[in-house]
K.L.:
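I am attaching a structure below and will ask some questions about it afterwards.
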Amino acid sequence: MIKIKKRKFLLLPGDGIGPEVVGEVKKIIFWLNKNKSLDFEIDEDLAGGVSYDKHGTPITDEVFYKALESEAVILGAVGGPKWDNVEFSKKPERALLKLRKELKLFANLRPAICFEQLVEASTLKPEIVSGLDIMIVRELTGGIYFGEPRGIKPIDKGERKGINTHSYTSSEIQRVARVAFDLAKKRKNKVTSCEKSNVMEAGLLWREEVQDLHEKEFKDVKLDHMLADNCAMQLLRNPKQFDVIVTDNLFGDMLSDQASMLTGSLGLLPSASLGAKNKEGQMRAMYEPIHGSAPDIAGKGIANPIATILSFAMALRYSLDLDKEANSLEKAVQDVLNDGLRTKDIISKGKKEVSTSQMGDAIISKLQ
Ligand code: IPM
Ligand code: MG
């Protein structure tokens, strides 16, 4: 058993814009250490395509062990067209999936909040998105992402067959549903559970297990079941009907990208991937923006660092119980937006366009 070291952060900037956005978090960590006497220990290493280029593998054992002993991993983004032809098992994304699976980070929290200052940045009408505050809880270590059997197999007459398996056990469903119910209690007390119980047995089991847990432990929370395709539609029609959405790995991947656009930009949304607490009350966790590596804008200094900075705020809240610091970091982001500073992805008329590092600096100056 590898012990978790308190307050140890592992930064894995990864590929594309990853190093730029994680660079801003690094500045914030240094600032907090210096000005708030916090004693975060940070280490930084390679994961994703950059690791493949250097070591021939998307994550080395050494880096993986560093992740195991860290209280929180902060990941930028992995992948890009450069690695399109790399063998499947060595693709940059495998680093991310290995970390999620082997650190047992089964609960992925993806908040979609529409900042009042950015209501205009959404492609939807302001009255639909204004005041939006949804939490998507995505199951992260099961379902079709990891199910066996899987692979591409030759069948007869030169035909091939691609196989993936979608499966869930009762306990996998209940442990993530429990996270959703607990979160709902601190919010608007409503959970919507999404699956395709009309076509998938695993979806039917999902519905039954969530219902069962609700009856046993969470009767005081309002629970609705919704088919995932309907949920996709309702997210555009009337997103404010939702509080907490709990769903499986694949539906959660898709619904969270969709929800992000309600808020204006993929560049704004953080996420936290959490494991179970051990006997000492410690938990493994990884924090990452929900956006990808955006190779088209990498290296230009125009990426929006807010999603990664807000992911770090989630780390302060969920891994370190530093609610006060998390709140002030989130407030600093709001203040900077109120001042009219915008990165390119969220620029609008009358606002001031700033670079990635100017955005980070402005947020730090609000922390003072
Ligand atoms: C996400 C991403 C990942 C996923 C990719 C990069 C493997 O889209 O975190 O949403 O599919 O889970
Ligand atoms: Mg995704």
Side-chain angles (χ1 to χ4, degrees), residues 12-19 21-22 46-52 57-59 67 72-84 86-112 134-147 150 162 164-166 168 172 176 194 228 231-232 235 245-263 265-275 285-296 298 303-304 307-308 310-312 314-315:
L12 298 175
D15 306 320
I17 59 171
V21 293
V22 171
L46 302 180
V50 282
S51 170
Y52 176 80
T57 171
I59 183 161
V73 177
I74 311 278
L75 187 122
V78 294
K82 184 176 175 198
W83 301 282
D84 273 355
V86 168
E87 177 197 328
F88 192 79
S89 67
K90 302 232 153 93
K91 282 196 178 298
E93 289 78 6
R94 299 321 298 175
L96 185 58
L97 296 169
K98 175 170 176 169
L99 286 167
R100 289 174 179 174
K101 183 75 178 173
E102 307 213 355
L103 300 183
K104 302 189 172 68
L105 309 176
F106 64 90
N108 182 217
L109 278 43
R110 299 192 158 189
I134 301 177
M135 176 68 88
I136 297 183
V137 180
R138 168 187 177 192
E139 200 292 325
L140 204 59
T141 53
I144 199 138
Y145 273 58
F146 297 101
R150 64 185 299 160
N164 288 94
T165 302
H166 176 69
Y168 273 107
E172 284 175 324
V176 71
C194 296
C231 179
L235 272 172
I245 294 174
V246 62
T247 191
D248 73 30
N249 206 342
L250 183 60
F251 293 141
D253 182 41
M254 306 187 63
L255 293 172
S256 61
D257 263 34
Q258 193 182 330
S260 77
M261 277 320 284
L262 302 170
T263 72
S265 169
L266 210 53
L268 297 168
L269 294 200
S271 83
S273 306
L274 312 177
M286 179 158 71
Y287 299 86
E288 52 178 315
I290 87 157
H291 61 68
S293 61
D296 50 324
N304 188 344
T308 315
L310 292 176
S311 301
F312 178 64
M314 290 184 92

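Every heavy atom of this structure was used, including side-chain atoms; hydrogens, water molecules and symmetry mates were not. Keep in mind it's a predicted model, so treat the numbers as computed, not measured. Atoms within a ligand are numbered from 1 in the order they appear, just like the ligands themselves.
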K.L.:
When you check the side-chain N and O atoms of Q258 and S256, is any donor under 3.5 Å from an acceptor?
P.N.:
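Judged by distance alone, the side chains do not pair up.
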K.L.:
From the options E93, R138, E288, select the one whose nearest heavy atom is closest to atom 7 (C) of ligand 1.
P.N.:
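Looking at heavy atoms only, the winner is E93.
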K.L.:
Please say whether D257 places an N or O atom under 3.5 Å from an N or O atom belonging to ligand 1.
P.N.:
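Such a contact does not occur with ligand 1.
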K.L.:
Just heavy atoms, cut-off under 4.0 Å: does H291 contact ligand 1 by side chain, backbone, both, or neither?
P.N.:
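The answer is neither; H291 stays 4.0 Å or more away.
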K.L.:
Just need the protein heavy atom nearest to atom 8 (O) of ligand 1, so name the residue and atom and give the distance.
P.N.:
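Of the protein heavy atoms, D253 OD1, 3.3 Å lies nearest.
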K.L.:
I'd like to know: is the Mg ion (ligand 2) within the 2.8 Å range of an N/O/S atom from D253, strictly under that distance?
P.N.:
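Yes.
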K.L.:
Among all protein heavy atoms in this structure, tell me which lies nearest to atom 4 (C) of ligand 1, with the distance rounded to 0.1 Å.
P.N.:
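The closest heavy atom on the protein side is Y145 OH, 3.4 Å.
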K.L.:
Would a distance-only check, ignoring hydrogens and angles, find a side-chain to backbone donor-acceptor pair under 3.5 Å from D248 to E139?
P.N.:
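A pair under 3.5 Å: no.
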K.L.:
Quick one: does NZ or CZ of R150 land under 6.0 Å from the six-membered ring centre of F88, within 45 degrees of the ring axis?
P.N.:
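Verdict for F88: no cation-pi partner in R150.
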K.L.:
Hey, is R100 touching ligand 1 through its side chain, its backbone, both or neither, going by heavy atoms under 4.0 Å?
P.N.:
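The answer is the side chain of R100.
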K.L.:
Has T247 got a side-chain atom pairing as donor or acceptor with C194's backbone, closer than 3.5 angstrom?
P.N.:
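Judged by distance alone, yes, a pair lies under 3.5 Å.
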K.L.:
Looking only at heavy atoms of I290, does any of them come nearer than 4.0 Å to an atom of ligand 1?
P.N.:
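I290 does not count as a contact of ligand 1 under the 4.0 Å cut-off.
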K.L.:
Look at the side chain of S51 and the backbone N and O of T57, then say whether any donor-acceptor pair between them is shorter than 3.5 Å.
P.N.:
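Yes, S51 side chain to T57 backbone: donor-acceptor pair under 3.5 Å.
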K.L.:
Could you check whether any side-chain N or O of D15 sits under 3.5 Å from a backbone N or O of S293, counting only pairs where one atom can act as donor and the other as acceptor?
P.N.:
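No: the side chain of D15 does not pair with the backbone of S293.
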K.L.:
Answer with side chain, backbone, both or neither: which part of R110 has a heavy atom less than 4.0 angstrom from an atom of ligand 1?
P.N.:
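Contact part for R110 vs ligand 1: side chain (C-beta onward).
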K.L.:
Does K90 NZ have over 12 foreign heavy atoms under 6.0 Å away?
P.N.:
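No, the 6.0 Å shell around NZ holds no more than 12 heavy atoms from other groups.
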